[in-house]
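Below is one structure. I have some questions about it.
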Amino acid sequence: KAGVTQTPRYLIKTRGQQVTLSCSPISGHRSVSWYQQTPGQGLQFLFEYFSETQRNKGNFPGRFSGRQFSNSRSEMNVSTLELGDSALYLCASSPGGTRQETQYFGPGTRLLVL
Amino acid sequence: GESVGLHLPTLSVQEGDNSIINCAYSNSASDYFIWYKQESGKGPQFIIDIRSNMDKRQGQRVTVLLNKTVKHLSLQIAATQPGDSAVYFCASYAPGDYKLSFGAGTTVTVRA
């Protein structure tokens, strides 16, 4: 089975711009979670989608949003970028049926905001 | 809220020796724990998991121990190899949540 894929792998944006990141989960997985990873804050949960519905949300401002499509692919959007949004954005997928499931991560999208 | 943390941020180990990475968690109701390995430039990779109804679980060269009494889990790596150099994270599910809470990570460096 192919793993979780994320595109693009690298992005450079300037403050005030917006960005859209894409995630394709493992085939058959219906849950997609997004995490932000920074050296200072570590891995922080952004949100989780299951069957096109946001099931969980972390403590991030409304500039961070996401969605999931009927094929389970997911996108996250960050509007009005700030310097502090520079991070590695990780997507993880799991089958989605229960809570106690292993999440499998993609390689991440490295975002640099200038 | 849930807090998952590791005892030491770095660990240096001689090739061939055994490594032990520790993790403490704060929520006694946490019921599922996962260890991940993250190599430079890559996403976290699943190593091994353990549910709260178990004390020990073994994989290939790895063992996870869970002590619910003191809210502590550890990852033991046998015969550590250069390819084991990475950052290791413990993660857990908070009760009722579908999100993982991660510890800060331990950087393991294997000396030749």
Side-chain angles (χ1 to χ4, degrees), chain A residues 1 3-7 9-10 21 23-26 29-51 53-60 66 68 87-110, chain B residues 1-10 23-27 29-54 57 59 62 64 66 73 75 86-107:
Chain A
K1 261 188 190 179
V4 178
T5 58
Q6 292 186 246
T7 57
R9 292 292 312 278
Y10 303 94
L21 312 182
C23 171
S24 292
I26 292 171
H29 285 192
R30 297 167 64 192
S31 170
V32 173
S33 298
W34 290 89
Y35 295 83
Q36 180 195 65
Q37 186 175 28
T38 60
Q41 299 297 319
L43 276 147
Q44 292 189 291
F45 172 79
L46 282 156
F47 27 67
E48 185 251 357
Y49 287 87
F50 176 74
S51 291
T53 300
Q54 187 180 87
R55 196 162 55 174
N56 271 255
K57 189 177 191 306
N59 296 322
F60 278 81
Q68 186 180 34
L88 180 67
Y89 290 88
L90 291 159
C91 165
S93 77
S94 65
T98 66
R99 282 183 51 250
Q100 291 184 345
E101 292 181 337
T102 301
Q103 293 188 18
Y104 296 92
F105 284 82
T109 294
R110 174 77 61 186
Chain B
E2 175 75 354
S3 172
V4 182
L6 295 169
H7 291 308
L8 292 173
T10 62
C23 180
Y25 61 96
S26 61
N27 193 330
S30 295
D31 54 7
Y32 181 49
F33 305 87
I34 306 173
W35 280 100
Y36 287 96
K37 169 188 179 184
Q38 187 174 25
E39 297 173 279
S40 181
K42 297 183 179 180
Q45 175 188 356
F46 171 83
I47 301 173
I48 192 167
D49 60 356
I50 188 167
R51 303 188 189 281
S52 58
N53 60 352
M54 304 172 70
R57 190 158 191 229
V62 295
V64 56
L66 176 62
L73 68 159
L75 177 70
V87 180
Y88 290 81
F89 296 93
C90 64
S92 67
Y93 276 105
D97 263 347
Y98 289 85
K99 66 179 184 183
L100 280 171
S101 296
F102 282 82
T106 289
T107 299

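Below, chain A is the first sequence line, B the second, and so on; all start at residue 1.
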Part of A/Y35 lying under 4.5 Å from any heavy atom of chain B: side chain
Which region of A/L43, side chain (C-beta onward) or backbone (N, CA, C, O), has a non-hydrogen atom less than 4.5 Å from a non-hydrogen atom of chain B, or is it both or neither?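 For A/L43, backbone and side chain are both near chain B.
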Working for side-chain contact (heavy atoms from CB on, under 4.5 Å), residues A/H29 and A/Y104: CA-CA 10 Å; A/H29 285 192; A/Y104 296 92; 3.8 Å; yes
side-chain contact (heavy atoms from CB on, under 4.5 Å) evaluation trace for A/W34 with A/Q6: CA-CA 11 Å; A/W34 290 89; A/Q6 292 186 246; 3.9 Å; yes
Measure from the side-chain N and O atoms of A/Q68 to the backbone N and O of A/S51, and report whether any donor-acceptor pair falls under 3.5 Å. yes
Answer whether the closest heavy-atom distance between the side chains of B/Y93 and A/Q103 falls below 4.5 Å. yes
Steps toward side-chain contact (heavy atoms from CB on, under 4.5 Å) verdict (B/F33, B/L75): CA-CA 11 Å; B/F33 305 87; B/L75 177 70; over 6 Å; no
Could you tell me which portion of A/R9 (side chain, backbone, both or neither) has an atom closer than 4.5 angstrom to a non-hydrogen atom of chain B?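 Only the side chain of A/R9 comes within 4.5 Å of chain B.
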Heavy-atom cut-off 4.5 Å, strictly under: side chain, backbone, both or neither for A/E48 against chain B?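 Contact with chain B is through the side chain of A/E48 alone.
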Would you mind checking which part of B/L100 comes under 4.5 Å of any heavy atom in chain A, side chain (CB onward), backbone (N, CA, C, O), both or neither?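 Contact with chain A is through both the backbone and side chain of B/L100.
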Considering only heavy atoms from C-beta outward, does the side chain of B/V62 approach that of B/W35 to under 4.5 Å? no
Cut-off 4.5 Å, heavy atoms of chain A, and the answer for B/K42 is backbone
Counting C-beta onward and ignoring hydrogens, is there a side-chain heavy-atom pair between A/F105 and B/Q38 closer than 4.5 Å?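 The answer is no; the side chains never approach within 4.5 Å.
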So, A/E101 side chain and A/S93 main chain: donor-acceptor pair closer than 3.5 Å or not? no
Non-hydrogen atoms of chain B under 4.5 Å away: do they reach the side chain of A/Q37, the backbone, both or neither?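 For A/Q37, the contact with chain B is made by the side chain alone.
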Interface residue of largest heavy-atom contact number with chain B, from A/G42, A/P107, A/C91, under 4.5 Å: A/P107
List the steps and the verdict of side-chain contact (heavy atoms from CB on, under 4.5 Å) for A/T102 and B/Y36. CA-CA 10 Å; A/T102 301; B/Y36 287 96; 4.3 Å; yes
Under 4.5 Å from a heavy atom of chain A, the part of B/Q45 involved: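 Neither the backbone nor the side chain of B/Q45 comes within 4.5 Å of chain A.
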If you define the side chain from C-beta out and look only at heavy atoms, does anything of B/Y88 sit under 4.5 Å from B/C23?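 No, every pair of side-chain atoms sits at 4.5 Å or beyond.
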Sub-4.5 Å heavy-atom contacts with chain A: which residues of residues 46-53 of chain B show up? B/F46, B/D49, B/R51
